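Everything on this sheet refers to the single structure shown next.
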There are 2 protein chains.
Amino acid sequence: MTTTPPLRRATILEVARSAGASKTSVSRYFSGERERLSRELQARIAEAARCLGYRPNQMARGLKGGHSRLIGMLVADIRNPFSVAVMHGVEQACREQGYSLLVCNTDNDPAQERARLALLASYRVEGLVINVAGRPSRELHTLADQGIPLVLLDRELDLVEADVVGLDNAGAIDMALDHLAGQGYGELLYVSEPPEQISSRQRRLERFRQGLGERGLTGEALCLALEGQEGALTDGITTFLARPGRPPRALLCANGNVTLAVTRTLQRLGIRLGETGLLGIDELDWCELVPPGITTLAQPTAMIGQAAVDRLLQRLEASGHRAPPRRLHYQPTLISRGSTRR
Amino acid sequence: MTTTPPLRRATILEVARSAGASKTSVSRYFSGERERLSRELQARIAEAARCLGYRPNQMARGLKGGHSRLIGMLVADIRNPFSVAVMHGVEQACREQGYSLLVCNTDNDPAQERARLALLASYRVEGLVINVAGRPSRELHTLADQGIPLVLLDRELDLVEADVVGLDNAGAIDMALDHLAGQGYGELLYVSEPPEQISSRQRRLERFRQGLGERGLTGEALCLALEGQEGALTDGITTFLARPGRPPRALLCANGNVTLAVTRTLQRLGIRLGETGLLGIDELDWCELVPPGITTLAQPTAMIGQAAVDRLLQRLEASGHRAPPRRLHYQPTLISRGSTRR
DNA sequence: TTGTACGCGTTATCAA
DNA sequence: TTGATAACGCGTACAA
């Protein structure tokens, strides 16, 4: 015999009445203190809860105990496979620890970032994993000052007390330069989206410039927005390839989006990969499919996601202590393919 | 002069005290009833709230009014670009309407689906957009019975009262077959992941089989899991291409994941696209990059996401009425490239 | 082992 | 135009 469930969600009180027990007992049953209840009472509560389709109301729980069991995540670009991969790791780690993940996308818009941050705060998330879009906002400072654990993903911010988890950018660029130099490419073009305000882009660019000289390479950097600038990208690449002399030349792409745009451009120009080298940061599904295969530096996305949550939980457990911020930088893996074989 | 914010988030009561007003007034100020307050009182409240970094607690709001302003979304595979694209649309539409999106990934695991569903219910989401992983669970029925608006994405379920939003699967297959037939391909291999329990896969497969005869084509279907079955995929394709006779042959991929696996296999086999046709459902970044370009059917993901939220909100507004479920099926767009040009 | 009573932060109702 | 007070659903001292 099934009772038709009520339109409104059942409350703890209704379960208690239906089971002939008290609120307290029902609460205990659902809070992992079942042992303290007699077998018989447990059975009555279980039955009543099942009939009514009862689920404890997390809102009420959070309100009472101050624990929302919610972690917030702010993603700058949800359509970026790298972000999604990290998010997958974050979500998994959260779940394993009994937390849920509230994800917001900002589309790289600082205004939206502020709004979403305020939103997450209003749901009283216990910690925040943030892939920042702009410079530190007042919202973010407020959160940090209130002692809510913050983890910055991939992009750092000065003036904000937060852990940082991401790629070892300098190491990655070194790895790329070593590989390219080793394959005999002597002249490089580094293509990046505008580095303003975004620390990981700055680090990579900076190291690229340093690293050239150290290895006796020559080259330059091309920084431009990928949307609405297709012409500039084509021009930049064409100019680079048309320089006098014919040392083996290669392009180094600062991230997955750049790799995509550059690959498109090279195809349009009819340029053969390998002869002209191509190496991209971020591994993507299709890099092996574009002949002769595009060499990449794969980021350890699962580790990064896991590490972000680890940092968060560590701070949650040690709330009060306020340990100094930590920075974790992970090494990429080089996946060598035909695009860097001459 | 800035007051140092408290470690705990400020409450309405603290703001009220600090502003020399009552809780009620502060509540009114933050609930869009500012007009009812005198200019002077508004100013005092604004100032106090700013100093304390006050934000209304959504948990408490939800508890009181029964409105969590939360929409839940269940995604079967967060790493699938199609899902992410739809999610982007859903999130955008939610935001525009003042709702927030709580996203959960199930990794196509029915057990996780049940768990995440329970979770979303416990946060009292007001509506649910679901990309189901398995057959209807008890959890799902409970939700539906309680009158929580449900929208099924891409995959339908019998026995559950819910709106359905997705691709016109039959139309898509027709479009694909017409295109392939028009390009002169006479013998087709349809490659799909196992269709069990997943309505969209079933519809597409079914229509493929029907459609062959109607157009005087021959062909067959190959259904297999993509992971851990690479050998079977290679065998299936090899066998297909080695059949006696040499009518122009083409492969039709049931979704983006299949297109990826099939493209990998074809490359490994050294098969030239175009000569052997290839058409995939779902447009992906890289389809234009694999020479000579892979022909696809692009799904209108933004429209689908928007439509899902529209349905949800419509039901939320008309709560009580219980209109019969509606099904919305959108047309794909054919993007013709070299892989179907002989 | 079980139950009573209070408070979490908010909004709705009613009175001033 | 404002304020006091009672819920909302739950967890938890405390009492039985």
Side-chain angles (χ1 to χ4, degrees), chain A residues 6-46 48-49 52-70 98 119 121-126 146, chain B residues 6-46 48-49 52-70 121-126 146:
Chain A
L7 239 102
R8 213 175 36 73
R9 200 93 200 182
T11 75
I12 203 172
L13 191 62
E14 295 168 311
V15 177
R17 273 205 270 270
S18 163
S22 74
K23 285 195 331 179
T24 314
S25 299
V26 180
S27 173
R28 289 204 173 110
Y29 182 86
F30 283 100
S31 307
E33 297 187 61
R34 294 188 194 182
E35 293 69 25
R36 295 180 50 179
L37 275 40
S38 67
R39 284 227 167 284
E40 193 238 355
L41 184 57
Q42 285 187 40
R44 291 210 317 269
I45 293 177
L52 280 69
Y54 171 75
R55 287 259 145 209
N57 184 331
Q58 279 294 349
M59 296 279 171
R61 275 188 162 171
L63 187 55
K64 177 61 185 157
H67 290 290
S68 66
R69 305 301 283 173
L70 239 33
L119 181 90
S122 78
Y123 281 100
R124 299 299 185 268
V125 294
E126 298 183 44
Q146 286 173 348
Chain B
L7 238 104
R8 216 175 32 72
R9 201 92 202 183
T11 75
I12 204 172
L13 191 61
E14 296 167 309
V15 176
R17 272 204 270 268
S18 161
S22 73
K23 290 196 314 181
T24 312
S25 298
V26 179
S27 173
R28 287 200 175 113
Y29 181 85
F30 283 101
S31 307
E33 297 185 63
R34 294 187 195 182
E35 293 69 26
R36 295 181 47 179
L37 273 41
S38 68
R39 283 227 167 286
E40 193 238 355
L41 185 56
Q42 284 186 40
R44 288 205 324 264
I45 293 177
L52 280 70
Y54 171 76
R55 289 256 146 210
N57 184 331
Q58 280 293 350
M59 296 278 169
R61 278 188 161 170
L63 185 54
K64 178 59 186 157
H67 289 291
S68 66
R69 303 304 282 174
L70 238 34
S122 77
Y123 281 101
R124 299 299 187 264
V125 294
E126 298 183 42
Q146 286 173 348

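On a predicted model such as this, the values are computed, not experimentally measured, just so you know. Proteins come first, then strands; the chains are lettered A, B, ... in the order of their sequence lines, and each starts at number 1.
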* To do: Please state how far atom OH in A:Tyr29 lies from atom P in D:dG11, giving the value in whole angstrom units.
  => 14 Å
* **Nucleotide nearest A:Arg28 (side chain, heavy atoms from C-beta), chosen from C:dC14, C:dG3, D:dA7** => C:dG3
* Short side-chain N/O contact from B:Ser25 to OP1 or OP2 of D:dT2, under 4.0 Å -> no
* **From OG (B:Ser25) to CZ (B:Phe30), nearest 0.5 Å** => 12.0 Å
* Please determine if a side-chain N or O atom of A:Ser38 lies less than 4.0 Å away from the OP1 or OP2 oxygen of C:dT2. => yes
* Looking at side-chain heavy atoms only, is the closest gap between B:Arg28 and B:Leu41 below 4.5 Å? -> no
* To do: Could you grab the distance from atom CZ of A:Arg44 to atom OG of A:Ser38, nearest 0.5 Å is fine?
  => 7.0 Å
* **Interatomic distance where CG belongs to A:Asn57 and C1' belongs to C:dG9 [whole Å]** => 14 Å
* D:dC8 P sits how many Å from A:Arg61 CZ, rounded? -> 19 Å
* **Upstream residue (5' side of DNA chain D) when B:Leu37 and A:Ala60 are each assigned their closest nucleotide** => B:Leu37
* Could you check which of C:dG9, C:dT2, D:dG11 has an atom nearest any side-chain atom of A:Leu63? => C:dG9
* To do: Could you tell me the separation between the CE atom of B:Met59 and the P atom of D:dG11, rounded to a whole number of Å?
  => 13 Å
* To do: Report the distance from atom CZ of B:Arg17 to atom P of D:dG3, rounded to the nearest whole Å.
  => 14 Å
* Please check the phosphate of D:dC10 (OP1 and OP2 only) for any side-chain N or O of A:Tyr54 closer than 4.0 Å. => yes
* Structure fact -> d(B:Lys64 NZ, B:Asn57 CG) to nearest 0.5 Å is 15.0 Å
* Any side-chain N or O of B:Arg36 under 4.0 Å from OP1/OP2 of D:dT1? -> no
* Asked: Are A:Thr24 and C:dG3 close enough that a side-chain N or O sits under 4.0 Å from OP1 or OP2?
  -> no
* Asked: Is any side-chain N or O of A:Lys23 under 3.5 Å from a base N or O of D:dG11, one able to act as donor and the other as acceptor?
  -> yes
* Is the base of C:dG9 touched by the side chain of B:Arg9 through a donor-acceptor pair closer than 3.5 angstrom? -> no
* Asked: Could you give the distance from OH (B:Tyr29) to CZ (B:Arg36), rounded to the nearest 0.5 Å?
  -> 16.0 Å
* Would you please confirm or rule out a distance under 4.0 Å between OP1 or OP2 of D:dC10 and any side-chain N or O of A:Ser27? => no
* d(CD, A:Glu33; P, C:dG3) in whole Å -> 15 Å
* Let me know the distance between CD1 of A:Ile12 and P of D:dT12, rounded to the nearest Å. => 11 Å
* Any side-chain N or O of B:Thr11 less than 4.0 Å from the OP1 or OP2 oxygen of C:dG9? -> no
* Asked: Considering only heavy atoms and no angle criterion, is a donor-acceptor pair shorter than 3.5 Å present between the side chain of B:Lys64 and the base of D:dA7?
  -> yes
* Quickly work out the A:Glu35 CD to C:dT1 C1' distance and round it to whole Å. => 13 Å
* **Non-hydrogen side-chain atoms of B:Glu126 and B:His67 separated by less than 4.5 Å** => yes
* Asked: With nearest nucleotides of DNA chain D determined for B:Ala21 and A:Ser31 from heavy-atom distances, which residue corresponds to the more 5′ nucleotide?
  -> B:Ala21
